[in-house]
Amino acid sequence: MVLISAQPYDYELPDATKVALVVIDMQRDFLEPGGFGEALGNDVTRLQAIVPTLKRLLDAFRDRHLPIIHTLEGHKSDLSDCPPSKLNRGKGNLKIGDVGPLGRILVLGEPGNAIIPALAPLPDEIIITKPGKGAFYHTNLESILRDKGITHLMFAGVTTEVCVQTTMREANDRGFECLLVEDATESYFPEFKQATIEMIRAQGGIVGWTTTAENVLQGLEKIG
Ligand code: TIU
């Protein structure tokens, strides 16, 4: 067993066979101009800051052959999996399914919907496509994790208060021990990122733990 220094208290990692890294939605649609994030009115450039840290985490998991799960938010080309409430929300010029500079906005298989090249999944890594904010909604993520005997999840990706937090809450309710890597997640709103970190670890870790990538890397070193 390894203890990873975290808040509100140390995170216990029983052994390396029980942990997976979940990288949420590091897609061009959220990180590059011309995608869904910008269509919603956001400055997408600030999300780029976490890419090198996230790459270090990926490398550490890859070096140890630990499971990595990438998620992708996107919809079928006929948008049959996109509820009207999501399709019609917002007042931007481009909506989900419209053609933008990176292809159709938030549609699976379009250039803009892909994971950014710097963090591209390797062939043996799992990719979960999801129509919602949470990665457990309308996906087989839970059965994949149960089949692998995974009990501990480390979370990174974007955006902290939307898809990352929603997925952590879904995972927490399903009994997974959830750790958010603070410097490997980002939001369009710094104050929302900070609030999310604090609300996750408040009340004795009501949703889970938070820590730094450095602490995770040190923990992985100890586990072998
Ligand atoms: N808009 C926003 O902050 N996020 C999303 O729409 N999806 C994810 O967080 N991936």
Side-chain angles (χ1 to χ4, degrees), residues 21-51 53-54 68-76 79 81-98 100 102-116 118-121 126-139 141 153-172 178 180-197 199-200 207-208 210:
L21 176 65
V22 183
V23 183
I24 304 282
D25 299 359
M26 290 300 289
Q27 298 163 253
R28 299 181 68 199
D29 253 319
F30 297 108
L31 282 103
E32 294 185 16
F36 184 52
E38 190 174 78
L40 295 173
N42 298 301
D43 169 13
V44 296
T45 55
R46 63 185 320 281
L47 302 193
Q48 290 284 344
I50 60 168
V51 173
T53 306
L54 198 30
I68 296 169
I69 293 156
H70 303 261
T71 71
L72 278 174
E73 183 180 349
H75 294 282
K76 295 177 183 169
L79 305 186
D81 57 356
C82 183
S85 60
K86 183 174 182 183
L87 191 58
N88 297 326
R89 194 78 54 84
K91 298 282 180 205
N93 291 332
L94 286 175
K95 290 198 173 298
I96 295 168
D98 288 348
L102 304 177
R104 293 181 69 204
I105 300 280
L106 212 63
V107 170
L108 298 170
E110 295 289 325
N113 203 242
I115 292 173
I116 59 168
L119 303 177
I126 296 162
I127 301 174
I128 300 283
T129 60
K130 61 184 180 67
K133 304 307 180 192
F136 289 84
Y137 174 69
H138 269 293
T139 73
L141 177 57
L153 298 174
M154 297 188 183
F155 286 91
V158 298
T159 62
T160 317
E161 81 280 13
V162 183
C163 291
V164 177
Q165 178 171 215
T166 302
T167 303
M168 276 191 80
R169 288 177 181 275
E170 289 179 325
N172 185 53
C178 299
L180 176 63
V181 188
E182 296 173 25
D183 46 348
T185 182
E186 196 46 271
S187 168
Y188 301 121
F189 305 90
E191 68 275 27
F192 291 172
K193 173 179 173 175
Q194 190 55 35
T196 302
I197 289 169
M199 69 176 81
I200 281 169
V207 179
T210 79

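Only this structure's heavy atoms are used, side chains among them; waters, hydrogens and symmetry mates stay out. Numbering of ligands and ligand atoms starts at 1, following listing order. Here the structure is a predicted model, which is why all the values come from computation and not from measurement.
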Problem - Heteroatom distance test (Glu73, ligand 1): nitrogen or oxygen, under 3.5 angstrom - result: yes
Problem - Ile24, portion touching ligand 1 at heavy-atom distance under 4.0 Å - result: neither
Practice task
Identify which of Lys86, Met26, Lys133 has a heavy atom lying nearest to atom 6 (O) of ligand 1.
Solution key: Lys133
Exercise for the section: Check whether any side-chain N or O of Thr185 sits under 3.5 Å from a backbone N or O of Gly157 as a donor-acceptor pair, and report yes or no. Expected result: yes
Exercise for the section: Check whether any side-chain N or O of Lys76 sits under 3.5 Å from a backbone N or O of Pro131 as a donor-acceptor pair, and report yes or no. Expected result: no
Exercise for the section: With rounding to the nearest 0.5 Å, note down the distance linking NE2 in His70 to CD1 in Ile24. Expected result: 11.0 Å
Completion exercise
The single option from His75, Lys130, His138, Lys86 that satisfies side-chain hydrogen bond (donor to acceptor under 3.5 Å, both in side chains) with Asp81 is His75
Problem - Heteroatom distance test (Val158, ligand 1): nitrogen or oxygen, under 3.5 angstrom - result: yes
Handout entry: Contact atoms of ligand 1, heavy-atom distance to Asp25 under 4.0 Å
Key = 8 (C), 10 (N)
Exercise for the section: Answer yes or no: is there a donor N or O on one side and an acceptor on the other, between the side chain of Asp43 and the main chain of Thr45, under 3.5 Å? Expected result: yes
Exercise for the section: Any atoms of ligand 1 less than 4.0 Å from a non-hydrogen atom of Phe36? List them with their elements. Expected result: 6 (O)
Practice task
Using distance alone, decide if ligand 1 has a nitrogen or oxygen within less than 3.5 Å of any nitrogen or oxygen in Glu161.
Solution key: no
Expected list for residues 30-37: side-chain donor-acceptor pairs under 3.5 angstrom, two or more places apart:
unit_1	atom_1	unit_2	atom_2	d
Glu32	OE1	Arg28	NE	2.8
Glu32	OE1	Arg28	NH2	2.9
Glu32	OE2	Arg28	NE	3.1

Practice task
Report yes or no: does Thr129 contribute a side-chain atom to a donor-acceptor pair with the main-chain N or O of Leu72 at less than 3.5 Å?
Solution key: no
Completion exercise
Honestly, for Thr159 the part within reach of ligand 1 (heavy atoms, under 4.0 Å) is both
Practice task
Could you list which atoms of ligand 1 come closer than 4.0 Å to a heavy atom of Leu40?
Solution key: 1 (N)
Practice task
Kindly compute the distance separating CG (Asn113) from CG (Leu106), expressed to the nearest 0.5 Å.
Solution key: 5.5 Å
Problem - Atoms of ligand 1, numbered as shown, that sit under 4.0 Å from any heavy atom of Cys163 - result: 7 (N), 8 (C), 9 (O), 10 (N)
Problem - Shortest protein contact, atom 5 (C) of ligand 1 (heavy atom only) - result: Phe30 CE2, 3.4 Å
